[in-house]
Amino acid sequence: MKIYRVGGSVRDELLHLPVKDKDYVVVGANAKQLLQQGFIPVGKDFPVFLHPQTKEEYALARTERKTTQGYHGFNFYTDTSVTLEEDLRRRDLTINALAMDEVTQQIIDPYGGREDLQNKLLRHISPAFAEDPVRILRIARFAARFAPLGFRIAEETKQLIREMVKNGEANALVAERVWQETEKTLGEQHAAIYFQVLDENQALKVIFPELYTLLHQNRMLGEQAYYALNHATLLTQDKAVRWAALLYNLHTLADSIQINKQLLQRLHIPKRYIKIAQYTVQYAHCFTQIMTLSANDILDCLLALDAFRKESYFLSYLQSCQANIAVQYDTQHAQQCSQHFIHCLDVAKQVSVKAILEQGYVGSEIRVQTNQQRIKNITQYITNMTKL
Ligand code: ATP
Ligand code: MG
C-alpha cells in the first residue's frame with residue numbers, strides 16, 4: 001500500500017498559497033484493509049474514507065467511466081491494480097493532477113501540471129474533461145481565483161468548453177452544483193471573472209439565461225454589473241451582498257421581479273440570498289432617490305424593506321445598492337445615500353411603542369400612531385440636515 005497527497009493542496013503548496021484541506025490517494029490497497037486500520041467510510045458505495053485521527057480524505061485509487069449524461073452518470077472502477085497515474089488522469093486540470101509522496105517530498109506530475117503552473121495555464125488533462133459539465137464551472141471558478149496570479153485558460157480548453165456547450169452537456173448541470181460552485185466563487189475577490197469566463201465560452205446563456213439577458217441588454221449595464229460585483233467584494237465579505245450587487249440592474253428590465261424570482265427559485269438559492277437580491281431589485285429606487293424622498297416615502301421604503309424587524313437584511317440591501325451607485329456615480333455619493341438611509345431608520349426606531357401603548361392607544365391605532373411619530377422623527381432629521 002502506498003499513500004500520496006493529491007489535488008488542490010499540492011497545487012496550492014507549489015503556488016506558495018495557504019493549504020486548506022488535504023486529500024490523499026491510496027494505491028495498492030482495498031477497502032477491507034483501510035477499514036481494518038480504522039478508516040471511516042464516507043459513502044456506502046464510494047471508495048472514500050476519513051482518517052481515524054486527522055479526518056482528512058483518503059480515496060482508493062480509481063478510474064471513472066461515463067455512463068449517462070450529467071453529474072451522476074459515472075461508473076468508477078477501483079482495484080489494487082489501479083495506478084496513481086490512472087487515478088490522476090480522471091481529474092479535471094493538469095494543475096489539479098499533481099501528487100506528492102509525503103515521505104520523500106517527491107512530486108509526481110504525469111500530465112505537465114508543474115509546467116502549466118509556471119506558465120499560468122488552466123488546461124484540461126484529456127478529452128474526458130467533456131464528460132462532466134461541473135468542470136466548466138470549476139475552471140471558471142479557478143480562473144477567478146487565480147486571476148491575480150495571472151492565470152488564463154488554455155485555448156484548446158476554451159475550444160473544448162465551447163464544444164461541450166454546443167453539444168448540450170451544460171444543460172445537464174443540476175441546480176445544486178451550479179449554485180455550489182457559484183457560491184464558492186462569490187467568496188473570491190475577482191468573482192466577476194467567473195461569469196465573464198462562462199459568457200466568453202457561450203456557457204452563461206445556458207447556465208444562467210436570466211443573467212445573460214441582464215448582462216446583454218445593453219453593454220453599459222452589463223459592464224456596470226461586473227464593476228458593481230467587483231466593488232461589492234471590496235465593501236464586504238458577505239456573498240449574498242455580492243450576488244445581489246450583480247443582479248441590481250435587473251430592476252431596469254420590465255419583468256424584473258418575475259425574472260429574479262425565476263432565477264432564485266431555479267437555482268434553489270438560500271433564503272437570505274433571495275431576500276437581499278429581491279430587496280435590491282425591487283427597491284433600488286428607494287436607494288437612488290433617498291436624498292430627495294419625503295419622510296412619508298422614506299418610511300414606506302423602510303417598511304417595505306422590513307427594516308424594523310430584519311435590520312441585517314436592510315443593511316445588506318444598502319451595501320449591494322451602494323456598490324452599484326458607487327460605480328454609476330461616485331463612492332462618496334453612494335456612501336452618503338447609505339448613511340442617510342441608516343440615519344432615517346435610526347431616528348424612526350427611537351419611537352417607543354411602549355409609550356404609545358401607555359397613552360392608551362389600541363388596535364390599529366397603535367400602528368397609525370407609531371408611523372406618524374416615525375414620520376415626525378424623520379422629518380425633523382431631514383430638516384436639521386438641510387440646515388447644516
Ligand atoms: P479547492 O481549493 O477549491 O478545494 P480543489 O482542486 O482542491 O480546489 P476539490 O473539489 O477539493 O478541489 O477536489 C479535489 C481534487 O479532486 C481536485 O484537485 C481534482 O483533482 C479532483 N476533482 C474534483 N472535482 C472534480 C471534477 N468534477 N472532475 C475532475 N476532477 C475533480
Ligand atoms: Mg480541495
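All ligand and atom numbering here is 1-based and tracks the order in the structure. Keep in mind that the numbers below use all heavy atoms, side chains included, and drop hydrogens, waters and symmetry copies.
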How are the rings of Y279 and Y283 set relative to one another: parallel (under 30°), tilted (30 to 60°) or perpendicular (over 60°)?
tilted
Heavy-atom proximity to atom 14 (C) of ligand 1 ranks first, among D23, V134, I125, T185, for D23
For the CD atom on Q36, are there more than 12 heavy atoms of other groups (residues, nucleotides or ligands in this structure) within a distance under 6.0 Å?
yes
Atom indices of ligand 1 within 4.0 angstrom of R145 heavy atoms, with elements:
1 (P), 2 (O), 3 (O)
Kindly confirm or rule out an N or O of R91 lying under 3.5 angstrom from an N or O of ligand 1.
yes
Looking at K20, which atoms of ligand 1 are within less than 4.0 Å of one of its heavy atoms?
2 (O)
Mind checking what makes side-chain contact (heavy atoms from CB on, under 4.5 Å) contact with I40, not counting sequence neighbours?
L50, K55
Contact between F129 and M164 at the side-chain level, heavy atoms closer than 4.5 Å - yes or no?
yes
What atoms of ligand 1 come closer than 4.0 angstrom to any heavy atom of G7?
18 (O)
Can you label the angle between the W179 ring and the Y273 ring as parallel, tilted or perpendicular, going by 30° and 60°?
perpendicular
Carefully, step by step, assess S81 and D79 under the rule side-chain hydrogen bond (donor to acceptor under 3.5 Å, both in side chains).
CA-CA 5 Å; S81 67; D79 183 84; 2.7 Å; yes
Is R374 close enough and on-axis enough to F308, meaning under 6.0 Å and within 45°, for cation-pi?
yes
Please report the interatomic distance CZ(F341) to SG(C321), rounded to the nearest 0.5 Å.
8.0 Å
Below 4.0 angstrom from a heavy atom of R141, which ligand 1 atoms are there? Numbered from 1 as shown, please.
3 (O)
I need the contact type for N96 against ligand 1. Using non-hydrogen atoms and a strict under-4.0 Å cut-off, is it side chain, backbone, both or neither?
both
Is there a polar contact, in the sense of an N or O pair closer than 3.5 Å, between R138 and ligand 1?
yes
Within a distance under 4.0 Å of any heavy atom of R90, pick out the atoms of ligand 1 and give their elements.
29 (C)
At less than 4.0 angstrom from any non-hydrogen atom of F142, what atoms of ligand 1 do you find?
6 (O), 8 (O)
Pick whichever of L137, L98, D92 has a heavy atom sitting closest to atom 29 (C) of ligand 1.
D92
Is ligand 1 less than 4.0 angstrom away from at least one heavy atom of F129?
no
